[in-house]
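Every chain is numbered from 1, with letters handed out A, B, ... down the list of sequences.
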Amino acid sequence: MRWSQAFIPTLRDDPAEAEAASHRLLVRAGYIRQLAAGHYTLLGPAVRVRRKLIRIIREEMDAIGGQEFLLPAMHPAEVWQASGRWSSVGDELFRFTDRRGADTALAMTHEEVFASVARELSSYRQLPQVWYQFQTKFRDEPRPKAGLLRVREFTMKDSYSFDLDEAGLDVAFEAHRRAYRRIFGRLGFDLLEVDASVGMMGGSGSVEFMVRSESGEDLVAVCASCGYAANLETARSTIPATDDPAGDATVERFPTPGVRTIADLVAFEGGAPADRQVKTLVYLVGNEPVMVLLRGDHDLQEQKLADALGAADLRPAHDEEIVELLGAHPGSLGAVGVTHVRVVADRELRGRRHMTTGANLDDHHVRGVDVERDIEVSSWLDLREVRAGEPCPECGEPLSIDRTIEIGHIFKLGRTYTEAFDVAVLGPDGGEIVPIMGSYGIGVERNLAAAVEVHHDEAGIVWPMNLAPWEVVVTIVRPDDEATAAAAAEVVDGLAAAGIEVISDDRDERPGVKFADAELVGIPVRVTVGPRGVAGGQAEVTVRATGERTDVPLADVVEEVAARVRAAR
RNA sequence: CGGGACGUGGCGCAGCUUGGUAGCGCGCAUCGUUCGGGACGAUGAGGUCGCCGGUUCGAAUCCGGCCGUCCCGACCA
């Protein structure tokens, strides 16, 4: 490949409004262009990297016995109605009608269609199965952002396992975990495996694969000491018990004019410190109002609430709804004596006495509350959000909270989809067995962007050898010089013949431009051929990652560079 | 969807307050000089100022509506 003929539109300056480092670099180095919010064109270099990513993932999926399929990206509504998701997934599913008026969807995931294929499984002897594909997913994201990290159209490697029982699912799940570890290892990621919320997918277990990055959107609690790691959506910590005053408490209402917040009540004469207050929130879970109680100085982790209640749609109640329900405005709410609304409470409130909370009467609070005695709590749940510095639940060392990008996610799905699609096989005893499913995803272009997040410096992208669009660039300093051009051509041809992916920068540009572009595009090895070197029979080899330069005799440069590339692949 | 900002040659921006010839840098084309770390000179091409409507003799500029994009909050690979 000759640079002068390739279309690699590098830019001198950073594009505007590009916050994520990977986005900025991918645009500037001529890998991607935006068509619309969340929709990107991949240019030549990006396609070459994407192809390598896919090859790596495919190799590891094949290694665990996966079979590659390719399912349609456009689905009739019936398939989604069968699973119930036509109505439950909401606006994230792109929907339209075809010319006959048939409801149609663009696939945001493929559980339904894989399950429908699985209906042809008929015998337990055929299980287990692991099926996968690389296919475009469409998701009408409320807010696409950060370039390729969050888009509305992307390639996903999704795989699905079908097993006879939980033990089989565990095997498939662990096989995927191992495959993912190998894949992300090969991509050069410092991997974080975290417990995660199962969210909308349902099911019994889920592990997210994360890589630390400033551009990430997920927060993960990590223990440097024992390795505990969990998405903030599920993370736990051990916080010291609070000592309450001895003796029975007596509930007593008192006026608190103007007090609206926890902080107000802390400052109020006769108020209470935040950790002796009960914070009262009201959520609408589906259509049912639920009061949510936490210690005054703790924050609710909404996903924990959603998971604990098995709720798909959940939102804070509006002020008017709260007034209608409880007769008071936020700021004066409390659950003491409330019986007509379901009350859930964070575990940290269990056993607490002499607490202060709202009176459900504007401008009044109550003190002397014994939570278990005075409030009808229907369930005690882990609802609070962990904070940095709190003790690790496993070993007690302080947790840190890191920003991360989710690069893979594996789920134990259960039988939701196999039941919905009547997937069943006959067992050895002639009885019917409904297979249990797992589902496993890797976002290809997100991984491409994440790799750039991890592998870059001030000058540009620094591809690892196995992802680079080209392994070597031969920079011809004076392509108009005959001896130089001839020497360079020999190097290029030699490398190509040795099976090295090489691009020759034969552009009529000043050397500085070519050096800068080679670094921006991120090609791991640069061989510089110029009149000065050629005169002395030398070429210069520069390693992108380290900046290391060596002069190598022209006669040896092909062999030496080829060896270096092979060693780094 | 709530909050904030922006939309002017391919890219990055100024001009708008105070209405009157559309400008700068980069990039691009041609020629020359130069060229082992983002060169210089000369000449030149390229814009219905996001769209629609209104005000006005006259709108990039003022007013209204719409669309698009980005950032901050509720979702996910």
*Taking a pair as Watson-Crick or G-U wobble with both distances under 3.5 Å, which nucleotide is matched to G7(B)?*
C67(B)
*Checking all strands, does Asp158(A) fall into the base, sugar-phosphate, or nothing category for heavy-atom contacts under 4.0 angstrom?*
nothing
*When the ring planes of His455(A) and Phe189(A) are compared, do they come out parallel, tilted or perpendicular, using 30° and 60° as the limits?*
parallel
_Pairing check on U61(B): which nucleotide meets the Watson-Crick or G-U wobble criteria with it, both distances under 3.5 Å?_
none
_Whole-Å gap separating P (C75(B)) and CD (Glu406(A))_ = 13 Å
*State whether Trp86(A) and Arg95(A) meet the cation-pi test: NZ (Lys) or CZ (Arg) under 6.0 Å from the six-membered ring centroid, and within 45° of the perpendicular axis.*
yes
Taking only nitrogen or oxygen atoms into account, show me every contact under 3.5 Å that the protein makes with nucleotides 25-32 of chain B, one pair per line with its distance.
from	atom 1	to	atom 2	distance (Å)
G27(B)	OP1	Arg12(A)	NH1	3.4

*Which of these nucleotides, A77(B), C70(B), U34(B), is closest to any side-chain atom of Val151(A)?*
A77(B)
*Could you tell me whether a side-chain N or O of Asp506(A) sits under 3.5 Å from a main-chain N or O of Ser4(A), the two making a donor and an acceptor?*
yes
*Give the rounded distance in Å between these two atoms: CZ of Arg143(A) and P of C1(B).*
15 Å
*Strand contacts (RNA chain B) in residues 440-461 of chain A, 4.0 angstrom heavy-atom criterion*: Gly443(A), Arg446(A)
_Nearest-angstrom distance from the residue atom CZ of Arg24(A) to P of C70(B)_ = 16 Å
*Spacing of Gln538(A) atom CD relative to G36(B) atom C1', expressed in whole Å*: 14 Å
*Going by the angle between their ring planes, with limits at 30° and 60°, are His176(A) and Tyr440(A) parallel, tilted or perpendicular?*
parallel
*Of all the heavy-atom pairs spanning Phe184(A) and Asn447(A), show the shortest one and how long it is.*
CE2-OD1, 3.2 Å
*Tell me the partner of G12(B), counting only Watson-Crick (N1-N3 plus N6-O4 or O6-N4) or G-U wobble (N1-O2 and O6-N3) with both under 3.5 Å; none if nothing fits.*
C24(B)
*Compare the minimum distances between each of C72(B), C70(B), G36(B) and the side chain of Lys145(A), then state the nucleotide with the smallest one.*
C72(B)
_What's Asp480(A) touching, base or sugar-phosphate or nothing? Going by heavy atoms closer than 4.0 Å._
base
_Categorize Arg28(A) for me: base, sugar-phosphate, or nothing, with a 4.0 angstrom heavy-atom threshold over every strand shown._
base
*Whole angstrom is fine here: how far is it from NZ in Lys137(A) over to P in A77(B)?*
11 Å
N/O donor to acceptor pairs below 3.5 angstrom from side-chain atoms of residues 515-536 of chain A, sequence neighbours left out:
from	atom 1	to	atom 2	distance (Å)
Asp517(A)	OD1	Thr10(A)	OG1	3.2
Asp517(A)	OD2	Thr10(A)	OG1	3.4
Asp517(A)	OD2	Arg507(A)	NH1	3.1
Asp517(A)	OD2	Arg507(A)	NH2	3.1
Glu519(A)	OE2	Arg526(A)	NH1	3.4
Arg526(A)	NE	Thr528(A)	OG1	3.1

*Separation of atom CG in Asp508(A) from atom P in G36(B), rounded to whole Å*: 13 Å
*Can you find a side-chain donor-acceptor pair between Gln135(A) and Asp158(A) that sits under 3.5 Å?*
no
_If I take atom CD1 in residue Ile8(A) and atom P in nucleotide G38(B), what distance separates them, rounded to the nearest angstrom?_
21 Å
*Now, which nucleotide makes the Watson-Crick or G-U wobble pair with U56(B), with each of the two distances under 3.5 Å?*
none
*Once you apply the 3.5 Å cut-off to both distances, tell me the Watson-Crick or G-U wobble partner of U33(B), or none.*
A39(B)
